[in-house]
Protein chains: 2
Amino acid sequence: MGVTIKDVAKAAGVAPSTVSRVIADHPRISEATKKRVKKAMKEMGYHPNANARSLANRSSQSIGVVMPSSADKALQNPFFPEVLRGISGIAHKMDYSLLLATGETGTEMLEGVERMVYSNRVDGIILLYSQIDDPVINFLLEQNFPFVIIGKPSERIDEITHVDNDNVSGGREITKHLISLGHERIAFIGGSTDLIVTVDRMRGYQMALEEAGLPYLDEYRVHTEFLKSGGQQAVNELFALPEPPTGLVIADDLMSIGVVNMLEECNKRVPDDLSIVSFNNVYLSEITRPPLTTVDIHIYELGVQAAKCLIAKVKDKTEPAKRIIVPFDIKYRSSTKANEAPTRNI
Amino acid sequence: MGVTIKDVAKAAGVAPSTVSRVIADHPRISEATKKRVKKAMKEMGYHPNANARSLANRSSQSIGVVMPSSADKALQNPFFPEVLRGISGIAHKMDYSLLLATGETGTEMLEGVERMVYSNRVDGIILLYSQIDDPVINFLLEQNFPFVIIGKPSERIDEITHVDNDNVSGGREITKHLISLGHERIAFIGGSTDLIVTVDRMRGYQMALEEAGLPYLDEYRVHTEFLKSGGQQAVNELFALPEPPTGLVIADDLMSIGVVNMLEECNKRVPDDLSIVSFNNVYLSEITRPPLTTVDIHIYELGVQAAKCLIAKVKDKTEPAKRIIVPFDIKYRSSTKANEAPTRNI
DNA sequence: CTGAAAGCGCTAACAA
DNA sequence: TTGTTAGCGCTTTCAG
């Protein structure tokens with residue numbers, strides 16, 4: 001069916017290997033024949049067969065991207081499309097293809113990754129999440145397969161190339177902001193503590209409280225998928241406390257939106273009755289009501305850096321494990337307000 | 001490096017071709033040898049090389065997914081992850097891989113698709129969008145390459161397999177709902193009229209108005225990217241009209257969220273001052289405030305159907321072009337309310 | 001039911 | 001600078 005390298009070679013009056021060299025942009029080849037071959041390729045509508053190349057080359061020029069999907073709507077978080085955009089931009093530029101593996105369950109995701117690796121379909125893998133004791137990471141490590149994770153590995157941190165924010169500082173800064181506004185009873189709402197990102201952000205929250213001499217209470221921490229049943233109740237309990245919080249640090253913008261909505265139902269207004277801050281600065285956080293004060297983690301850039309790292313690593317297997325911290329900054333918007341009844345001065 | 005079919009053959013004391021037959025689950029092969037070969041494969045940790053298979057086979061067992069990305073945040077619409085989930089589920093089940101092509105511009109997307117097709121990396125393609133006069137579609141048609149589009153083709157509709165909702169009916173139904181609540185001045189806000197989906201939904205809106213004998217006014221239609229500058233202004237103009245609308249049909253949930261937010265800034269309340277309805281029923285529409293009355297188009301199912309269609313088509317090239325309409329239903333929530341000052345009875 | 005052998009389209013020594 | 005040749009790992013006739 002298709003035009004092959006041989007056809008082109010014949011037409012241009014050269015050997016197939018010469019054509020191959022032209023494709024690869026090999027240096028030692030005369031301009032004259034290069035031009036001639038290229039002309040023939042154009043005329044005949046030649047396009048290299050990637051599978052044949054990969055086979056001969058032992059390299060697929062493509063990278064795998066693994067993302068959680070699942071029942072719990074994780075994938076609906078605009079974080080993913082945005083990070084994908086970043087990855088995709090670089091991949092495109094460097095002439096890499098993107099293979100997607102998603103899975104509803106951990107098993108499915110592992111299967112997907114195994115398939116990618118075993119079948120030689122990808123040269124490297126980017127993980128879009130990081131959780132404790134992840135079989136996917138163990139597998140990749142075991143296979144000594146190039147990969148980078150977006151987020152922070154829970155173990156063997158020095159062996160694993162990763163691109164992350166300084167979530168502890170982010171949590172600290174944003175909490176300090178709340179404190180500077182006079183809030184003293186500040187609660188934290190986050191997802192599963194199996195996710196490193198939750199843990200880090202919470203640690204920052206804790207640090208800020210301690211530095212300010214404010215109490216770090218168990219009752220002020222709720223971990224919940226939130227979006228699931230039970231999540232609402234957990235939040236309700238927070239406000240049933242004798243001393244309910246006046247400020248909320250929430251680990252994710254999307255959760256914030258849910259919380260704002262819930263509060264509204266209880267006749268609590270943000271920011272009048274309660275200030276909230278969160279993380280990610282997804283596009284929605286700007287158009288929602290109120291616009292959210294949030295830590296902008298530069299999602300797109302996370303994707304860009306991860307792709308660059310991975311490609312570098314794929315090209316040169318001896319690249320050492322790296323750690324790249326993408327700086328954050330804080331978007332001050334209107335979900336926060338000075339606390340009107342502080343019990344002391346700051 | 002890896003274990004090859006030859007190694008397995010040697011170990012099992014058979015010919016490579018026999019091993020190949022076992023992999024392909026060929027019928028004419030004795031249970032005995034099959035078992036022996038499988039045992040060897042397990043023991044040696046054999047995994048077939050996908051590139052070699054694809055090359056020999058002329059089929060890649062993978063499908064390409066094309067989605068717009070772009071500056072204008074289109075990709076941040078939770079529609080995409082959700083439809084991907086549907087596609088991915090089926091792909092996984094049928095043992096297909098997913099290759100992603102995105103692009104910020106039309107040119108980039110076309111390049112991505114050309115690469116996929118020319119390089120023989122995919123057996124078929126799913127387009128996640130549909131716009132007028134799309135070069136990608138023309139290319140695919142020209143190449144006679146299997147593809148399905150999610151949405152409605154703008155031309156050659158009988159030649160192109162597509163999975164869609166009946167957006168005209170959807171628009172009509174949801175508008176009728178507003179009318180039944182006593183609204184008479186109903187405006188439409190949608191994205192670019194280059195997108196078929198916008199046009200269809202608007203047509204439904206028009207039909208409902210006409211059936212009810214209500215005016216279909218130019219001033220009551222705004223087309224805007226909305227999320228970009230200028231969008232806000234367009235909406236503002238709507239409310240600067242001598243007779244501003246009391247009901248809004250909005251082509252997309254995400255836009256609705258933006259509109260609600262904007263209205264708030266002008267001290268207009270939804271649904272008290274204004275009722276709005278929209279489309280898609282993305283997860284957010286339930287947790288936003290107010291929860292949106294919206295047409296649930298069953299995004300996940302769109303993905304599932306598209307994947308099934310495409311795989312069927314890939315396996316049997318003679319499959320005729322199909323058209324699959326995924327039924328919608330309406331989620332009644334709290335963004336609508338009876339109009340308190342109708343000028344006439346319904 | 002199984003084996004031998006010829007490719008699939010491309011690359012990479014090794015020669016020239 | 002270019003050609004020859006031997007694979008990359010798998011499938012698939014064609015014999016047997």
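Basis for what follows: all heavy atoms, side chains included, without hydrogens, waters or symmetry-related copies. Just so we're on the same page: letters track the sequence lines, and every chain starts at 1.
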Task: Donor-acceptor pair between A:Arg115 and B:Ser97 side chains, under 3.5 angstrom - done: yes
TODO: State whether a side-chain donor-acceptor pair under 3.5 Å links B:Glu111 with A:His92.
DONE: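 The answer is yes; a qualifying pair exists.
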Counting side-chain heavy atoms from C-beta on, which of [options] comes nearest to [X]?
X: A:Ala56; options: D:dT2, D:dG7, C:dT2; result: D:dG7
X: B:Asn57; options: C:dG3, D:dG9, D:dT12; result: D:dT12
X: B:Val14; options: C:dG3, D:dG3, C:dC10; result: C:dG3

Open item on the list: I'd like to know whether NZ of A:Lys322 has more than 12 heavy-atom contacts from other residues, nucleotides or ligands below 6.0 angstrom.
Closed with: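 Atom NZ in A:Lys322 is crowded, with more than 12 foreign heavy atoms closer than 6.0 Å.
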TODO: Answer yes or no: side-chain N or O of A:Arg21 and base N or O of D:dG3 forming a donor-acceptor pair under 3.5 Å.
DONE: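 For A:Arg21, whose side chain was compared with the base of D:dG3, there is a donor-acceptor pair (under 3.5 Å).
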TODO: May I ask you to say what A:Thr4 touches in the nucleic acid, namely base, sugar-phosphate or nothing, with a heavy-atom cut-off under 4.0 Å?
DONE: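 Here A:Thr4 touches the backbone only, sparing every base.
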Open item on the list: Using a 4.0 Å heavy-atom cut-off, does B:Ser30 contact any base of the nucleic acid, only the sugar-phosphate backbone, or nothing at all?
Closed with: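 B:Ser30: backbone/sugar contact only, no base atoms under 4.0 Å.
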Open item on the list: Would you say B:Tyr46 places a side-chain N or O within less than 4.0 Å of OP1 or OP2 belonging to D:dC10?
Closed with: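 Looking at the OP1 and OP2 atoms of D:dC10, one of them is under 4.0 Å from a side-chain N or O of B:Tyr46.
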- [ ] Look at the side-chain N and O atoms of A:Arg58 and state whether any lies under 4.0 Å from the OP1 or OP2 oxygen of C:dT11.
- [x]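 No, because none of the side-chain N or O atoms of A:Arg58 sits under 4.0 Å from OP1 or OP2 of C:dT11.
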Open item on the list: Can you give me the closest heavy-atom contact between B:Ser130 and B:Ile196, atom names plus distance?
Closed with: OG-CG1, 3.2 Å
Task: Ring centers of B:Phe139, B:Tyr118 separated by less than 6.0 Å - done: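 For B:Phe139 and B:Tyr118, the ring centres are under 6.0 Å apart.
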TODO: Rounding to 10 degrees, work out the angle separating the end axes of the helix from C:dC1-D:dG16 to C:dA16-D:dT1 (five pairs an end).
DONE: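 End-to-end axis angle for the helix from C:dC1-D:dG16 to C:dA16-D:dT1: 30°, rounded to 10°.
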Open item on the list: Taking B:Lys34 first and then B:Asp25, would you say they form a salt bridge - that is, a charged N and a carboxylate O separated by under 4.0 Å?
Closed with: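 Counted as a salt bridge, because a side-chain N and a carboxylate O are separated by less than 4.0 Å.
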